[in-house]
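Notes to accompany the following structure.
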Amino acid sequence: MSTEKSLNFLEEIVKEDVASGKHGGRLLTRFPPEPNGYLHIGHSKSICLNFGVAQQFGGQTNLRFDDTNPVTEDTEYVESIMEDIAWLGFKWANVFYASDYFDQLYNFAVKLIEQGLAYVDDSSAEEIAALKGTPTEPGKDSPYRSRSIEENLSLFTRMRNGEFKDGEKVLRAKIDMASPNMHLRDPLMYRIKHAHHHRTGDKWCIYPMYDFAHGQSDAIENITHSICTLEFEVHRPLYEWFIQKLDLYPSRQYEFARLNLNYTVMSKRKLLQLVNEKHVTGWDDPRMPTISGLRRRGYTPESIRAFAEKVGVSRRDNIIDVGLLEFCIREDLNKNSLRAMVVIDPLKLVITNYEEGKTEILTGENNPEDENSGTRDIPFSRELFIEHEDFKEVAEKKYFRLAPGLMVRLKSAYIIRCDSFVKDESGNIKEVHCTYFPESRSGSDTSGLQAKGVIHWVEANTAIPVEVRLYDRLFGVEDPSSEEGDFKSYLNPHSLEVKSNALGEPSLKNAAVGDKFQFLRKGYFCVDRDSVGGKLIFNRTVPLKDSWAKEQKK
Ligand code: ATP
Ligand code: MG
């Protein structure tokens with residue numbers, strides 16, 4: 001079997017271009033986020049692709065903030081984006097901002113006007129739309145299309161100088177109002193926006209449109225392969241038109257299918273609504289599909305990179321099951337996380353034949369998947385706590401946990417048999433009484449007894465109180481954006497369940513924010529940042545198995 005991994009279609013293109021000496025054998029990609037929100041799992045696909053392909057074939061990647069819309073952009077977003085990319089494990093060659101190029105872009109626009117290839121249009125947005133035509137019908141020329149070069153130059157200067165109000169004028173490329181490609185029907189290049197920009201302040205009141213900024217920024221940076229998502233395929237002729245008419249570096253655009261994930265939304269505009277309207281606690285709420293949310297939830301950079309790799313790169317749109325993302329983090333944490341016992345819903349258990357006041361120290365494996373991970377001490381005594389759901393007053397068939405007369409093994413400890421139970425005044429089970437078998441100790445069991453079930457537990461006196469946050473899908477339907485009405489009406493009301501009376505084994509005491517564990521039988525968990533200075537709080541990253549599909553069928 002070949003050990004070489006198969007290349008996706010973009011890797012094939014890049015490999016060939018580098019080999020053939022196109023661009024002088026140089027390879028420079030860029031990742032171009034607009035700083036108008038936090039990065040999400042969709043972006044990580046683009047990041048892994050842009051940085052990954054460069055790494056693979058000896059190139060580099062620029063981080064470029066596509067900050068041409070002053071109204072929605074903010075430095076908070078710039079900082080979070082840099083943090084997230086670095087956390088994912090990638091290094092950019094340079095950080096640039098489209099706004100660094102505002103002067104050059106302005107000069108490019110003047111150059112097009114001078115060539116008779118751009119004009120100032122006084123039409124309103126509605127008037128422009130009305131003359132645009134439809135995909136099957138050609139558009140009509142604007143009455144301002146035949147302005148002289150001198151008039152256009154003078155008006156464009158006055159636009160820049162702030163002599164006009166927002167929307168009063170725009171600069172358009174003069175291409176072809178009858179083009180079958182709507183993007184070539186005299187697309188807008190500049191609009192007037194009297195708005196403060198997060199970097200250029202009040203220097204500008206005209207801002208370039210995406211189409212005029214993006215390709216030119218690529219060319220200014222000598223980007224060789226400009227990789228973007230499929231919806232920009234129809235923009236490519238325009239991308240090439242500007243570069244050609246301005247005689248700039250021949251950057252080339254390539255498209256791939258964006259990543260969609262079920263049970264969530266991925267547009268920054270929608271994610272911002274969830275934040276602003278407090279449906280979540282913030283951009284890094286562990287239920288969010290943002291990189292910061294996933295990080296806080298307990299995802300590792302390795303698991304996200306593995307996910308991007310598994311999803312692959314293609315030119316066909318599809319929706320990926322979130323189960324694949326969960327599979328990737330389980331694989332990682334199974335190998336790399338420490339084990340611990342935490343009882344989420346505690347029920348007291350008394351071992352009536354165990355000496356009062358005695359505590360013994362048992363041994364548990366830190367991680368059975370990793371022989372170098374060592375062991376931990378687990379105290380054991382007469383009084384323990386087990387999970388409420390591991391006890392039943394009456395055992396049904398094939399029930400292998402605790403019920404009067406039944407035996408189970410306490411993980412890393414002894415086999416016990418349930419003898420009786422105590423109820424409180426309202427009839428709830430309060431305490432379970434058991435007998436233990438001293439010869440059945442894990443690791444040195446000579447009892448000859450068989451217990452079918454193994455349950456987790458904590459010792460009553462040494463257990464530490466912890467809070468556990470159980471997360472579920474943020475939305476109750478696969479594709480909230482395609483449903484009728486407001487996508488927010490499909491939020492899953494049970495996406496967070498807080499268990500504040502949980503008890504953890506004492507080895508957890510010094511766990512730090514971000515530390516990851518497998519809680520036996522319960523799933524993978526990590527310490528939340530809300531723990532600082534108080535009780536330890538654990539986020540459930542994922543349950544141990546995919547119970548979702550099963551639950552849906554119930
Ligand atoms: P959104 O629609 O979520 O606001 P966007 O495309 O406007 O996303 P940008 O900040 O412009 O977000 O995106 C930066 C880069 O990431 C672009 O190259 C974009 O194509 C890519 N990207 C954004 N969303 C996805 C996705 N779901 N899958 C793959 N790539 C994506
Ligand atoms: Mg965008």
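In each ligand, atom 1 is the first atom listed, and ligand 1 is the first ligand listed.
If you number the atoms of ligand 1 from 1 as listed, the ones under 4.0 Å from a heavy atom of Met266 come out as 3 (O). Per-residue contacts place Thr229 under 4.0 angstrom from the following atoms of ligand 1 (heavy atoms of the residue considered): 20 (O), 29 (C), 30 (N), 31 (C). Residue-ligand proximity, Pro33 to ligand 1, at heavy-atom distances under 4.0 Å covers atoms 10 (O), 14 (C). Counting the atoms of ligand 1 from 1 in the order shown, those under 4.0 Å from a heavy atom of Ser267 are 3 (O). Counting atoms of ligand 1 from 1 in the listed order, those under 4.0 Å from a heavy atom of Leu259 are 26 (C), 27 (N), 28 (N), 29 (C).
Comment: Asp84 engages Arg295 in a salt bridge, judged by a side-chain N to carboxylate O separation of less than 4.0 angstrom. Taking 4.0 Å as the cut-off between side-chain N and carboxylate O, Glu233 and Arg258 do not count as a salt-bridged pair. Using a cutoff of 4.0 Å between basic side-chain nitrogens and carboxylate oxygens, Arg529 and Asp284 are scored as salt-bridged.
Among the atoms of Pro32, none of the N or O lies under 3.5 angstrom from an N or O of ligand 1. For the pair Lys268 and ligand 1, the shortest N or O to N or O distance falls below 3.5 Å. In terms of polar-atom proximity, Lys45 is not counted as a contact of ligand 1, lacking any N or O under 3.5 Å from an N or O of the ligand. Distances between N or O atoms of Glu34 and those of ligand 1 include at least one value under 3.5 Å. When only interatomic distances are considered, the shortest N/O to N/O separation between Arg258 and ligand 1 falls below 3.5 Å. Of the polar atoms of Gly42, at least one N or O is found under 3.5 Å from an N or O of ligand 1, judged by distance alone.
Contact annotation for His40 and ligand 1: only side-chain heavy atoms (C-beta onward) come within less than 4.0 Å of the ligand.
Applying the side-chain contact (heavy atoms from CB on, under 4.5 Å) test to Cys205 and every residue at least two apart in sequence or in another chain returns His194.
Between Asp472 and Ser495, the side chains place no donor N or O within less than 3.5 Å of an acceptor N or O (distance only, hydrogens not considered). Under 3.5 Å, the side chains of Tyr239 and Asp218 contain a donor-acceptor pair of N or O atoms.
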Sequence neighbours excluded and cut-off under 3.5 Å, please list the side-chain donor-acceptor pairs for residues 86-94, or say none.
{"from": "Asn94", "atom 1": "ND2", "to": "Asn62", "atom 2": "OD1", "distance (Å)": "2.9"}

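Counting heavy atoms of neighbouring residues, nucleotides and ligands inside a 6.0 Å radius, atom CD of Glu277 exceeds 12 of them.
Under the 6.0 Å cut-off for aromatic ring centres, Tyr106 and Phe156 qualify, their centroids lying closer than that.
The residue from His43, Glu231, Arg30 that puts a heavy atom closest to atom 12 (O) of ligand 1 is His43.
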